[in-house]
Each structure stands twice: as structure tokens, then as C-alpha cells.
Novice: 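Supplied in C-alpha cells, the structure appears directly below.
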Amino acid sequence: QVQLVESGGGLVQAGGSLRLSCAASGRTFGGYAVGWFRQAPGKEREFVVAISWSGGSTSYSDSAKGRFTISRDNAANTVYLHLNGLKSEDTAVYSCAMGRTRSDYAHEYNYWGRGTQVTVLS
């Protein structure tokens, strides 16, 4: 059984930074793309960023471009999401997901973590 566990969320002032981690157990990340999605209260889940299994290909949402960076360490079975220049509108639960294809669409992912809360104070 695959388990994804996110960590690194917290409370931060606007303009601050956080590093989120997504760790896998039960199956290695090798061969799988990983995506990050977020959901704010009262809003639908939205795509943030995704990375291919090799790390050679990434895609970012418009809101993430220039501020967020995704990276992965397959040896450590961990994917990282660096959040910089945080804004109050970035407040949400951030979840990672694993799937065979790098995609901006949630339905393309097979395994999901429970998420980590990011709260940005303005």
C-alpha cells in the first residue's frame, strides 16, 4: 500500500518562505510523476505544480510561476516544494499526489497524501 505524507506546512508572514516535503512509503517514487495541489476553504482543489519521474520536466500554474519551485530526490523517496514570496491567497491545504504521467489534472493521479496546512498572514 502506497502512503504519501506531506510535511513542512505552517504559519508564515506574507513574503516569507516554506519548504514542503512529500515522502513516499510502500512504493518508491521511481517511474512516477508527482504533483502538488492545494485547496483553500470554500474553493475547489487547484493544481500548483508537477514534476516528471526523472525530474527533467515540470509544469507550474500561473500563480506558482516565479515563486514556487519543485524538486525531487528519488534516492530519498521525497519531493520538495519550495514556496517563496508567499501571499495571503496562497493559504490552503497542500497535498501531493503520485501518478504515471506528469499532469495538471487531479484525476490523472492514483495516490494522494492527506495534506499539510499553509497559512499566510497578511
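Nothing here was measured: the structure is a model prediction, and the numbers come from that model.
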Novice: Among all residues two or more places apart in sequence or in another chain, which pass the side-chain contact (heavy atoms from CB on, under 4.5 Å) test with Thr69?
Specialist: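 Partners of Thr69 under the side-chain contact (heavy atoms from CB on, under 4.5 Å) test: Tyr60, His82.
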Novice: Quick one: salt bridge (Lys or Arg N to Asp or Glu O under 4.0 Å) pairs with a partner in residues 50-60, sequence neighbours left out?
Specialist: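 Those involving residues 50-60 do not exist here.
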Novice: Any chance you could measure Ile51, atom CD1, to Ser57, atom OG, to the nearest 0.5 Å?
Specialist: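 The distance works out to 8.5 Å.
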Novice: Tell me, which pairs form a disulfide (SG to SG under 2.5 Å) where one or both residues lie in residues 55-94, sequence neighbours left out?
Specialist: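 Sorted pair list comes back empty.
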Novice: Starting at OH of Tyr94, measure out to OG of Ser7 and round the result to the nearest 0.5 Å.
Specialist: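 Tyr94 OH to Ser7 OG: 15.0 Å, rounded to 0.5 Å.
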Novice: Could you see if Val34 belongs to whatever hydrophobic cluster contains Val2? Use Ile, Leu, Val, Met, Phe, Trp, Tyr and a side-chain cutoff under 4.5 Å.
Specialist: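 Val34 clusters together with Val2.
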Novice: Measuring from atom CG of Leu121 to atom OG of Ser88, what distance do you get when rounded to the nearest 0.5 angstrom?
Specialist: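 Rounded to the nearest 0.5 Å, the CG-OG separation comes out at 9.5 Å.
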Novice: Tell me, please, which residues at least two apart from Val12 pass side-chain contact (heavy atoms from CB on, under 4.5 Å).
Specialist: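 Only Leu18, Leu86, Val120 meet the side-chain contact (heavy atoms from CB on, under 4.5 Å) criterion with Val12.
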Novice: What residue pairs, at least two apart or across chains, pass disulfide (SG to SG under 2.5 Å) with a residue in residues 7-92?
Specialist: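 Of all non-adjacent pairs touching residues 7-92, those that pass disulfide (SG to SG under 2.5 Å) are Cys22-Cys96.
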Novice: Going by the rule salt bridge (Lys or Arg N to Asp or Glu O under 4.0 Å), which residues pair with Glu46 if we only count those two or more places apart in sequence or in a different chain?
Specialist: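 Listed in chain order: Arg38.
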Novice: Please, which pairs that meet salt bridge (Lys or Arg N to Asp or Glu O under 4.0 Å) have at least one residue in residues 99-115, sequence neighbours excluded?
Specialist: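 Sorted result for residues 99-115: empty, none.
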Novice: Under the side-chain hydrogen bond (donor to acceptor under 3.5 Å, both in side chains) rule, what do Ser61 and Ser63 come out as? Steps first, then yes or no, please.
Specialist: CA-CA 5 Å; Ser61 65; Ser63 62; 3.1 Å; yes
Novice: Is the backbone of Ser25 close enough, under 3.5 Å, to the side chain of Asn77 for a donor and an acceptor to pair up by distance?
Specialist: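 Pair absent, no side-chain N/O of Asn77 close to backbone of Ser25.
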Novice: Between Thr116 and Val93, is there a side-chain heavy-atom distance shorter than 4.5 Å?
Specialist: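 With C-beta onward as the side chain, the pair stays apart.
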Novice: Among residues two or more places apart or on two chains, list those pairs meeting salt bridge (Lys or Arg N to Asp or Glu O under 4.0 Å) that have a residue in residues 62-86.
Specialist: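 Pairs touching residues 62-86 that pass the test: Asp62-Lys65, Arg67-Asp90.
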Novice: Grab the two heavy atoms, one from Gly115 and one from Ser95, that are nearest each other, plus how far apart they are.
Specialist: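 Nearest pair, atom of Gly115 first, then Ser95: CA-OG, 3.5 Å.
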Novice: Kindly give the heavy-atom pair with the smallest separation between Ser21 and Thr78, and that separation in Å.
Specialist: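 Smallest interatomic distance, heavy atoms only, reads CB-CG2, 4.2 Å.
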Novice: Yes or no on side-chain contact (heavy atoms from CB on, under 4.5 Å) for Ile70 and Val48, after CA distance, side-chain angles and deciding distance?
Specialist: CA-CA 10 Å; Ile70 190 170; Val48 179; over 6 Å; no
Novice: Please name the pair of heavy atoms, one in Ala40 and one in Ala92, separated by the smallest distance, quoted to 0.1 Å.
Specialist: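 Smallest heavy-atom distance, with atoms named: N-CB, 3.8 Å.
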Novice: Return yes if some donor-acceptor pair links the side-chain N/O of Ser103 with the main-chain N/O of Tyr105 below 3.5 Å, else return no.
Specialist: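 Confirmed, Ser103 side chain pairs with Tyr105 backbone.
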Novice: So which pairs with a foot in residues 31-84 pass disulfide (SG to SG under 2.5 Å), sequence neighbours left out?
Specialist: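 Listed once each, the pairs would be none.
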Novice: Which residues satisfy the side chain to side chain donor-acceptor pair (under 3.5 Å) test with Thr119, sequence neighbours excluded?
Specialist: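 Checked Thr119 against side chain to side chain donor-acceptor pair (under 3.5 Å); matches are Gln117.
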Novice: My understanding is that only residues two or more places apart in sequence, or in another chain, count here; which of them pass ring pair (Phe, Tyr, Trp, His ring centres under 6.0 Å) with Phe37?
Specialist: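 For Phe37, the residues satisfying ring pair (Phe, Tyr, Trp, His ring centres under 6.0 Å) (neighbours in sequence not counted) are Phe47, Tyr109, Trp112.
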Novice: Considering only heavy atoms from C-beta outward, does the side chain of Met98 approach that of Leu4 to under 4.5 Å?
Specialist: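 With C-beta onward as the side chain, the pair touches.
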Novice: Could you tell me the separation between the CG atom of Asn84 and the CZ atom of Arg19, rounded to the nearest 0.5 Å?
Specialist: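 Rounded to the nearest 0.5 Å, the CG-CZ separation comes out at 12.0 Å.
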Novice: Between Leu81 and Val49, is there a side-chain heavy-atom distance shorter than 4.5 Å?
Specialist: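 Yes; the side chains approach each other to less than 4.5 Å.
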Novice: Which other residues belong to the hydrophobic cluster containing Tyr80, where Ile, Leu, Val, Met, Phe, Trp and Tyr are joined when side-chain heavy atoms lie under 4.5 Å apart, directly or via other members?
Specialist: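 Noted: Tyr80 shares its cluster with no other residue.
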